[in-house]
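Both backbone and side-chain heavy atoms feed into the values below; hydrogens, waters and symmetry mates do not. Order of the sequence lines sets the chain letters (A, B, ...), proteins ahead of strands, with each chain counted from 1. In this text, all values refer to a predicted model and were calculated from it rather than measured experimentally.
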Amino acid sequence: MSYTQMTINILGAIREVPYGFVCSYGEVARAAGYPNGARQVVRVLSSLGSKENLPWHRIVNKKGEIALSGDGEFEQIVRLELEGVKFVKEGKVDPNCFYHYK
DNA sequence: CTGCTGACGGTTC
DNA sequence: GGAACCGCCAGCA
C-alpha cells in the first residue's frame, strides 16, 4: 500500500475524528491541508474506506446527513448509534455531535 | 495520454 | 429557499 501524500494526509485527518462524533467532508479536507478537497475525501472514503480500517461511518455531509444510500446508509446509521451519536431525524445526525478540528 | 467519475461544498441566480 | 454550476484531483478504463 503506497499512497500519495494527499491520500495519506486525508487518511490521517479522518482518523482524528473521535469516537462518538461525526465530521463533514469539507472539514476533513481542511484539516488535511486541502481547503477545497472535499471530493478527494470522497474518493478516499469510497475506495479505501473499508480497506484501511477507517472510521468511515463518522463522515457525513455538512447538513449532517448520511451521504450514502440503501445498504451502506443503514450500516452507517447503526454504527453511529452504537457510538452514541444522536439523530434528529432518520438519516440525519444531531449537529451537536459534529467534531471540529483545532 | 485523454476523459470520466466521485459517500461534497460554496457561490450564484 | 432551492436548483444549477464550478472547483478540485487521484484513480481507472
Pairing residues for Glu90(A) by the side-chain hydrogen bond (donor to acceptor under 3.5 Å, both in side chains) criterion, not counting sequence neighbours: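 With sequence neighbours excluded, Glu90(A) shows a side-chain hydrogen bond (donor to acceptor under 3.5 Å, both in side chains) to no residue whatsoever.
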
Given the rule in the side-chain contact (heavy atoms from CB on, under 4.5 Å) test, do Val22(A) and Tyr99(A) qualify, once you have shown the distances and angles that lead to the verdict? CA-CA 6 Å; Val22(A) 297; Tyr99(A) 170 69; over 6 Å; no

Tyr25(A) and Gln40(A) side chains, donor-acceptor separation under 3.5 Å: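 There is no such pair (donor and acceptor under 3.5 Å, judged by atom type) between the side chains of Gln40(A) and Tyr25(A).
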
Exercise: do His57(A) and Glu75(A) side chains pair donor with acceptor under 3.5 Å: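 There is no such pair between these side chains.
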
So does Ile59(A) get a backbone contact from the side chain of Gln76(A), meaning a donor-acceptor N/O pair under 3.5 Å?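 The answer is yes, because a donor-acceptor pair under 3.5 Å joins these two groups.
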
From the 5' end of DNA chain C to its 3' end, which nucleotides mark the outer limits of contact with chain A, defined by a 4.0 Å heavy-atom distance cut-off (strictly under)?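 Taking any atom under 4.0 Å from a heavy atom of chain A, the span is dG7(C) to dG11(C).
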
Give the B/S/- string for nucleotides 3-10 of chain B, one per nucleotide from 5' to 3', where a protein heavy atom under 4.0 Å of the base yields B, of only the sugar-phosphate yields S, and otherwise -. ---BBBSS

Charged N-O contact under 4.0 Å between Arg58(A) and Glu83(A):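 Salt bridge flag = yes for Glu83(A) with Arg58(A).
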
Other residues, nucleotides, ligands: >12 heavy atoms within 6.0 Å of Phe74(A) CZ: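 No, CZ of Phe74(A) has 12 or fewer neighbouring heavy atoms, counting only those of other groups under 6.0 Å.
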
